[in-house]
Structures are given as C-alpha cells and as structure tokens.
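See below for the structure under consideration.
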Amino acid sequence: MEIFHMKPLNYSLTIVIIIFFVSFPCFRCSLHFNATVTTSASLPLIPTLPLIPSLLNFLDQRLAEIYPIIQTFKSSITADPLNITGTWVGSDICNYKGFFCSNPPDNESATTISSIDFNGFQLAAPSLDGFIDQLPDVALFHANSNKFSGTITDNLAKLPYLYELDISNNDISGSFPIPILDMEDLSFLDLRFNSFSGLIPQEIFMKDLQEILLFNNLLVGCIPYEVGFLKNAIVFDASNNQLTGPLPCSLGCLKKMEQLNLADNQLYGEVPEVLCALKNLENLSLSNNYFSKVGPTCENLIQGGVLDLRGNCISGFADQRTEEECSTFFSQPITCPYSSSLKLIPCSTSGSARSPSTNSVKASGVTKTSWVTYQATDLRHRL
C-alpha cells in the first residue's frame, strides 16, 4: 500500500466539528532492561511489560522502535469486544489488524506504519496520548466509532506526515485542539460526536476548507465574522452545540455553500437576507433556535423546502416555540464581542444572488443532490 503517495499536492482541508497520559518504554530502555534481567537472577520478570524487541525479528528497525508503543497502548485498552488486539502479537506489525505499512518519504527503502484504521472497532481506552503522537511516520489516523476518551495532545502537530485525523464518535473532551490547525499538510480533520468545549477557534475560518463538521459537541459563543472567509466551503455543520448570538452577515460570502446546518443551538435575531440569497443553497437548517424575524427572500426558501425554521420564535409561523419559552430566553440577553462586525460583508455579493426559479426547485419536484460530500468522511474507500 502506497499511503504516502496518495496525498495530492494541494488537498483542501476537510473539517468535520466533535486523556489520561500513558507511558511506554523506549527501544533503548527495553534493551537495557533485557540486559539487566539476564545478568541478575535476583530481579523478577514483570509479565505486563511488552515483549522485548531484541528477541524478535522485525522487517525494519522502525517497526522495532514502535513495537513497545503499540504494546503499551494495547495494555491500556479496557474493552475489545471484537478481539481486535488479539492480532497484535509478534513482530509482524504490518499484519496487525488496523495497521498498514508503507515506505516513508524520507527513506523509500524503509518500512514503517503509515496509516491506522480503527473505524468501528469499538475499542475503549482512557487516552490516545502517548500512542498517536509517538508514531513518527503515520500519515492517516482514523478511529471513529470507538470509546476513546481523554483529551488531544498538542504534540500531534509535531508529526511531519500526518494529513488525515478522524476521531469522531468517541468521548474525547477538552478545548478545540488549536495547534493541529497549524499543520500545513493537514487536509482532513473530523471531530464530530465528541465532547469538545469552548469557543470555535477563528483559525478554522482562515483555512481553505471544503467541509466543516463540528456538530454534536459542546461548543459555545458566537459565530465570528471570520466565517465569511470560507469561500470554498460546501458544507458547514455546527448543529447540536451551544452557539448563540445573531448570525453574521458575512455568511452571505459563502457562495459555494450547499449544506448549512446550525440547528439546535441558541442563535437569535433576524435570519440575514444575504444568507438566504446564496444561489447554491440546497439545505439551510436553523431549527430549534430563537430566531424572531425573517425577510421575503428567506420566506421564499421556506416555501421551497430549503429553509427549516421550526422551533423558533417567529410570530405567525407554524411549529414555533411557546411564548413562555421565548420570553424566558430573551429575558436573559446575550451579547457577542465585536457585535458591530456582525453586519459587515467582506465580499461582493453580486453574482451570488439566488434567481427566482431556484427558490422553487425543490417544490417543483426536482430532486436535489443529497449530502454526498459527507462520503468524504468514510476512510474505507481511501485505504
């Protein structure tokens, strides 16, 4: 498998918004320990230590050096219903289930672990720290739908080849791992369905993204003006968080946006007309918030089945919150920092307006494209 050669030169970043530290013996430490136990009969053997690499025959020195790392991580796993780790035995690491070998860019004659695919393995461990960040040649790490917890170490940003990271659908917490966004080659980041908390970092919006999936976390605060710089974004999903404040008018600059989902938050105010005028919008979900006003362009999207505003506070609309719910929310006013920037539009909106016929496409029976861009979150077709 040629994982390293699969990476295109200009790969757009895909962000898809949702630890206990383990220690491991280094290769040299293992050799030293081996020398100690073979010369001193008074010291008892410790059966929980990884098998000493010097007693095994490895295909490459790089595999020998990461063997103790894998075995230490294996010993930290608390649940393995599919017996995945039962294959993590011996020196043939390239045949461990979930591990894939290739030739690293710095030495094409060497063999090393280039990618890891734990998707759907249902493994549980208190931390991924001390494992991912200690695999110096890994390019892809996918581990969605497991039960990993803890936080994400900033040391991931030091991995020279890592360009795909998927840890979605786990129980990882802490603030958004901002240092990861500084990785020049990172092109795929999926954090959805976790417990990340805090503000959405503005650095996200300064990257050349295609998809931003942040849903089902604990993100708070207002959506910043910088969201308007996502000029190439097609999907933006930050639903099921605790975001609040009015929507910035800079959303009107997302001229390629097809799927925008901000449902199940605490957003309020008027839905910007400039947002509803985007001609490529296929789905705009703002349900279960506290919006109180819409204009004629947005009303056209509602009639066309593009805009979902159920569960808000819009007078005269069906399926809205009760008057009591809305009054309780508005009795505790929430303000956003730099609120004056929410009215700014950092682009020209000419040429991005929706034509009258586009508003009624879905109503006329023409089938629109589904969330096909979500297929990019499935690694199995990549390996």
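Below, all heavy atoms of this structure are taken into account, side chains as well, without hydrogens, waters or symmetry copies.
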(request) Without swapping roles, check the side chain of Asn265 against the backbone of Ala263 for a donor-acceptor pair under 3.5 Å. (result) yes
(message) Could you check whether Gln259 and Asn283, counting side-chain N and O atoms only, form a donor-acceptor pair closer than 3.5 Å?
(response) yes
(message) Taking Asn312's backbone N and O only, do any of them form a donor-acceptor pair with Glu325's side chain (distance below 3.5 Å, no angle check)?
(response) no
(request) For Gln242 and Leu219, indicate whether the former's side chain and the latter's backbone hold a donor-acceptor pair under 3.5 Å. (result) no
(message) Quick test of your reading of the model: are Asp137 and Arg62 salt-bridged, counting only N-O distances below 4.0 Å?
(response) yes
(request) May I ask you to decide if Ile152's main-chain N or O and Asp129's side chain share a donor-acceptor pair within less than 3.5 Å? (result) no
(request) Evaluate ring-ring contact (aromatic ring centres under 6.0 Å, His included) for Phe205 paired with Phe229, printing each intermediate quantity in order. (result) CA-CA 6 Å; Phe205 307 118; Phe229 295 118; 9.1 Å; no
(request) Indicate yes or no: at least one non-hydrogen side-chain atom of Leu181 is less than 4.5 angstrom from one of Pro201. (result) yes
(request) For the residue pair Leu267 and Leu247, establish whether any side-chain heavy-atom pair is separated by less than 4.5 Å. (result) yes
(request) Check the angle between the aromatic planes of Tyr290 and Phe329 and answer parallel, tilted or perpendicular using the 30° and 60° thresholds. (result) parallel
(message) For a 4.5 angstrom cut-off between non-hydrogen side-chain atoms, does Ile113 reach Phe100?
(response) no
(request) Taking Arg310 for its side chain and Leu286 for its backbone only, find out whether a donor-acceptor pair lies under 3.5 Å. (result) no
(message) Between Asn232 and Gln210 (side chain of the first, backbone of the second, donor and acceptor by atom type, cut-off under 3.5 Å), is there such a pair?
(response) no
(message) Given Asp60, which partner from the list Ile93, Thr111, Asn107 fulfils the side-chain contact (heavy atoms from CB on, under 4.5 Å) test?
(response) Thr111
(message) According to salt bridge (charged side-chain N to carboxylate O under 4.0 Å, His left out), who are the partners of Asp154, at least two apart in sequence or on a separate chain?
(response) none
(message) Taking Asn240's backbone N and O only, do any of them form a donor-acceptor pair with Asn217's side chain (distance below 3.5 Å, no angle check)?
(response) no
(message) Tell me whether Asn241 contacts the main-chain N or O of Ser239 through its side chain, where contact means a donor paired with an acceptor under 3.5 Å.
(response) yes
(request) Can you label the angle between the Tyr268 ring and the Phe330 ring as parallel, tilted or perpendicular, going by 30° and 60°? (result) perpendicular
(message) Quick one, Phe196 and Ile172 - any side-chain contact, counting heavy atoms below 4.5 Å?
(response) yes
(request) Applying ring-ring contact (aromatic ring centres under 6.0 Å, His included) between Tyr67 and each of Phe99, Trp88, Phe58, report the one that passes. (result) Phe58
Show me, pair by pair, the donor-acceptor contacts under 3.5 angstrom made by side chains of residues 333-344, not counting sequence neighbours?
residue: Ser341; atom: OG; partner: Tyr338; partner atom: O; Å: 2.6

(message) Check whether Asn288 reaches the backbone of Asp264 with its side chain - one donor and one acceptor, N or O, closer than 3.5 Å.
(response) no
(request) Give the minimum heavy-atom separation between Gln122 and Leu82, together with the two atoms involved. (result) NE2-CD1, 4.1 Å
(message) Quick one: does any side-chain atom of Gln266 pair with a main-chain N or O of Leu243 as donor and acceptor, under 3.5 Å?
(response) no
(message) Contact between Asn300 and Cys276 at the side-chain level, heavy atoms closer than 4.5 Å - yes or no?
(response) no
(message) Taking side chain to side chain donor-acceptor pair (under 3.5 Å) as the criterion, tell me which of Asn169, Asp166, Asp117 meets it with Asn144.
(response) Asp166
